[in-house]
Amino acid sequence: MEAAIKIKEETLKVFKKASSVAVLTGAGVSAESGVPTFRGKDGLWRNFSAEELATPSAFSRDPKLVWEWYSWRREIIRDIKPNPAHHIIAEWENTFNDFCLITQNVDGLHAKAGSQKILELHGNIWRVRCTKEEKTFLNHEVLSDNVPPLCECGALLRPDVVWFGEALPEGIISKALENIRRCELFFVIGTSAIVEPASSLPLIAKQSGAYVIEINIGRTPISHFMDDTYLGKAGEILPCLHSESLNLRE
Ligand code: BV8
């Protein structure tokens, strides 16, 4: 029998008082939906690591191999559903006056759960970009046979995601920083806090005066400076926090 999740008094007090809230999510928030995490045991594909495949050099060296990896991931996530963690986070958009969701995930599950104000730090697996014209468009096919896909102009199409060694979209990261610097309460949910510059965001929130709460099944390199760390599944802890807080908020 799973031990009941105990939400701390202090967490509930801060949660009740907060009007400006920001959330950073990583692959762990989608784990209970069946999306393989990057560094968990299921994070490997044909013995490659994400760091080897999610790079511009891997794509220029072997665009077919990189697209086969993305097609495999698209195949896995195409029909899966958001889990309670995504739904609670989507609900928070209407709970707090000032709310911002910042995600490292490219799976599109936050939008599927109804979140609208989303800052996608690392792009979106369902968008493609012409490597010549730079224009982007949505594309929901799995693409297993015709990889790498070509643009009408004849140039290669690439996934519209941020690869290792690529800069994050300027507008997105500056908007994330703006929200983080003004929020009173910051959640960091389901991330190993390894990938930069995303994993510095909780520290910036803390330094800007926010109360920072981590939710993860294990401890991470940033756990030591969290105000609260809840060890457990996001899909279980968030509903518990949400229901305990409901009767608190006027
Ligand atoms: C850049 C898109 C510079 C692609 C991804 C210092 C400063 C700046 C850069 C660096 C730096 N040090 C190193 C770098 C380089 C690099 C980097 O961080 N490398 C790492 C490996 C050390 N960073 C970059 O290259 C970034 N670019 O800095 O550019 C620049 C500036 C100007 C001009 C040119 C360049 C770009 C990084 C973006 C890479 N793209 N994704 C794709 O998806 O295909 S990153 C990839 O990792 C995903 O986005 C993923 O979300 C992200 C982070 O991983 P997590 O989400 O944390 O997932 P992970 O599996 O690791 O962990 C899951 C966690 O969930 C675990 O903790 C687990 O315990 C937990 N969990 C599991 N189940 C549950 C759960 N928690 C709760 N509930 C559960 N049920």
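Note: hydrogens, waters and symmetry copies are ignored here, and every other heavy atom, side chains too, is used. Atoms within each ligand, like the ligands themselves, are counted from 1 in listed order.
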Q: Please list, chain by chain and in numerical order, all residues satisfying side-chain contact (heavy atoms from CB on, under 4.5 Å) with Ala85, sequence neighbours excluded.
A: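 Applying side-chain contact (heavy atoms from CB on, under 4.5 Å) to Ala85 gives Val29, Asn83, Ala234, Leu238.
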Q) Are Leu201 and Leu177 close enough, and set up right, to give a side-chain contact (heavy atoms from CB on, under 4.5 Å), and what steps lead you there? A) CA-CA 8 Å; Leu201 301 182; Leu177 286 168; 3.8 Å; yes
Q) Quick one: are the ring centres of Trp163 and Phe59 less than 6.0 Å apart? A)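 Close enough - the centres of the two rings lie under 6.0 Å apart.
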Q | Neighbouring protein residues of ligand 1 - any heavy atom closer than 4.0 Å | A |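 The 4.0 Å shell around ligand 1 contains Gly26, Ala27, Gly28, Ala31, Glu32, Thr37, Phe38, Arg39, Glu51, Trp69, Tyr70, Arg73, Gln104, Asn105, Val106, His122, Val161, Val162, Trp163, Phe164, Gly165, Glu166, Ala167, Leu168, Gly190, Thr191, Ser192, Ile194, Val195, Glu196, Pro197, Asn216, Ile217, Gly232, Lys233, Ala234.
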**Q.** Co-membership, hydrophobic cluster, residues Ile237 and Trp92, 4.5 Å side-chain
**A.**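 In one cluster: yes.
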Q: Report yes or no: do Phe99 and Leu241 belong to one cluster of Ile/Leu/Val/Met/Phe/Trp/Tyr joined by side chain heavy-atom distances under 4.5 Å?
A: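 Phe99 and Leu241: one cluster.
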**Q.** Candidate pair Asp107 and Ser30, rule side-chain hydrogen bond (donor to acceptor under 3.5 Å, both in side chains), full reasoning
**A.** CA-CA 8 Å; Asp107 58 30; Ser30 297; 2.6 Å; yes
